[in-house]
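Okay, structure first, notes after.
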Amino acid sequence: MAETHEDTPKETVHKEEEEEDQSFEELGVDARLLRALIKKRIEKPTPIQRVAIPLILEGKDVVARAKTGSGKTLAYLLPLLQKLFTANSDRKKLAPNAFVLVPTRELSQQVYAEVKSLVELCRVQLKVVQLNSNMLANDLRAALAGPPDILISTPACVAKCLSCGVLQAASINASLETLVLDEADLLLSYGYENDIKALTPHVPRSCQCLLMSATSSADVDKLKKLILHNPFILTLPEVGNHKDEVIPKNVQQFWISCPASDKLLYILAVLKLGLVQKKVLIFTNTIDMSFRLKLFLEKFGIRSAVLNPELPQNSRLHILEEFNAGLFDYLIATDLSQSKEKDEVPKESIVGSRKSRKHAKIKLDSEFGVVRGIDFKNVYTVINFEMPQSVAGYVHRIGRTGRAYNSGASVSLVSTDEMDTLEEIRSFVGDDENKGTNSIAEFPLLTKNAVESLRYRAEDVAKSVTRIAVRESRAQDLRNEILNSEKLKTHFETNPKDLDLLKHDKILSKNAPPPHLRDVPEYLLDKPTKEAREMVKLARDAMGNNNRRKGSKRKLRKEGDPLKAIYATASSKRPHKARKTGGSDSLNSSDRHKHKKNKGI
Ligand SMILES: Nc1ncnc2c1ncn2[C@@H]1O[C@H](COP(=O)(O)OP(=O)(O)OP(=O)(O)O)[C@@H](O)[C@H]1O
């Protein structure tokens, strides 16, 4: 095991403040990787990268805890690649030199894509493979022939490789130089404990072990004991042990009180009136609800895609790719960690599919995960259409926006039944009126009048989205995706960059959406809503409709995010106590005055 040491969070704080302007070069990153980072427009290291990279380059075992979106992936990938670039090519290699183990396939794909792009940009010959436990033993064997330099996979797949003799314990022991457990706080809760235990006896003592995690938990401690000996513990002060600092500071959090039966109406108002910035990631707790929402929104001309664990893997990856590439603005993701709907797809949802007849039932993919780790690109707004059932669920959902140095917002629709959850979240994230930290403020831009103006249309359309319509659409979508999945597989093998083949935000309703529902007539909008809408539009324009654009980002950081300026007053004006019912307050004239004056927070 690598040389070890125990660092204290306090020492890390000191170091970070002192060296805030350190460049990647000063951290000791290789010239090829520096050039790759420039091409990727990554200019300066994030705090966790500043602290972790030098230690990992020195060969230390490291446990790195830093909040979601803080750049943990590059924190371990850069030194890992550098180590492989400079390794002696004559050394014995019977198995991959590095294992990167992650909890979900989506994440495995994401890390793989990141490694591949870095390796290509560096023009270095390194073989990287990504495996999953659905692969046949022969395919696993073929992929591991060589063997590759880096294996990216889930613990279950490595355990499978060991048990079916595709990977030999002795070969791992002779060759493994680096073991990374990414999203370590999740690995055990995904049920990988035995898989990890199957691997650990074969990890050589000389192997450098890295544990990356967004939160500290008993599970991380357990893994630490299982794998590492006296590692450096890096807990970023800004994330750190303080429970009130788990949400990135650049994410503004809002909530809207609304009856459960009015949620469709409220989300329609928020989206249709243009009160939030795109792209928007919407979380539901069940697959049926995601289809209900999709069908409802598409009647109003709002096209969205759904992402859930019953879809074939190729489709899921393609949906993520398309969303990240900006091909559509609204993605409805089902966070099944919050749901009882975990075990199987209901049979009726797959009736008629050729595959369904063959297999009778389709298991949901247990390696699916949309909440943790996935780097959704340029998501500005996260909407909790249904509240997560745990504080951790909330933290990880919100973490899909405000990634790295970007800003973002979250809006939670909270029904009476979910009010206790909101209170629990508030007390956990340290929503403190006096400190102004991490406040979850009432969403300031949606007025009661604006909601009521859409009620008649919304209720009418909601009635037409029946349970049967939902089930049929879900079945149809699954059938389409199963067929598409095969096409995608072959197509993307030959055209990896072609993202336009299949659109995932296609309309599922049998009847085309009525044209009169596409636009909200001016007479339905009250004055505050028109003003709020205009302000969001102005902010969007000022941000070039994309706050990640080159140039504009730098400008924004300097001058403040215009959307923050809009929200600022409302954020500081928290309701005294979470109300149990009713909509948001209207903007009064002094609020509006302040909105205009405020130059950002
Ligand atoms: N130094 C940097 N400067 C700017 N952007 C960066 C930097 N490092 C990483 N990023 C970008 O920040 C985003 C988030 O990074 P990453 O996925 O590694 O976060 P994370 O800490 O692993 O989050 P999570 O815990 O949610 O998985 C990515 O899009 C990544 O490309």
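Being a predicted model, the structure only gives us computed values, none of them experimental. Atoms within each ligand, like the ligands themselves, are counted from 1 in listed order.
- Ligand 1 places these atoms under 4.0 Å from at least one heavy atom of K44: 1 (N), 2 (C), 3 (N).
- Proximity of R400 to ligand 1, defined as any heavy-atom pair under 4.0 Å, is confined to the side chain (atoms from C-beta onward).
- Here the side chain of K294 pairs a donor or acceptor atom with the backbone of S304 at under 3.5 angstrom.
- For F328 and F323, the ring centers sit closer than 6.0 Å to each other.
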Any chance you could lay out the side chain to side chain donor-acceptor pair (under 3.5 Å) test for K83 and Q208, step after step, and finish with the verdict? CA-CA 11 Å; K83 189 169 161 185; Q208 181 179 25; 3.0 Å; yes
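- The pair E114-K40 meets the salt-bridge criterion, with a side-chain N (NZ, NE, NH1 or NH2) lying under 4.0 Å from an Asp/Glu carboxylate O.
- Crowding of E25 atom CD: a count of heavy atoms from other residues, nucleotides or ligands under 6.0 Å not exceeding 12.
- Using a 4.0 Å cut-off between charged nitrogen and carboxylate oxygen, K72 and E183 do not count as a salt-bridge pair.
- Each of the following atoms of ligand 1 lies closer than 4.0 Å to a heavy atom of L74: 8 (N), 9 (C).
- A donor-acceptor contact shorter than 3.5 Å links the side chain of T86 to the backbone of Q82.
- For the ligand labelled ligand 1, residue G69 lies inside the 4.0 Å heavy-atom shell.
- Of all the atoms in ligand 1, the ones that sit under 4.0 Å from a non-hydrogen atom of T73 are 16 (P), 17 (O), 18 (O), 22 (O).
- Between K377 and ligand 1 there is a heavy-atom distance shorter than 4.0 Å.
- Between R397 and D335 there is a salt bridge, with a side-chain nitrogen of the basic residue lying less than 4.0 Å from a carboxylate oxygen of the acidic one.
- Taking every non-hydrogen atom of T46 and a distance limit under 4.0 Å, the qualifying atoms of ligand 1 come out as 1 (N), 2 (C), 7 (C).
- Using 4.0 Å as the threshold, A66 has no heavy atom nearer than that to any atom of ligand 1.
- Only the side chain of I42 comes within contact range of ligand 1, with a heavy atom under 4.0 Å; no backbone atom does.
- Residue S70 has at least one heavy-atom neighbour below 4.0 Å for each of these atoms of ligand 1: 19 (O), 20 (P), 21 (O).
- Contacts with ligand 1 closer than 4.0 Å are made by no heavy atom of K40, backbone or side chain.
- Using 4.0 Å as the threshold, E183 has a heavy atom nearer than that to some atom of ligand 1.
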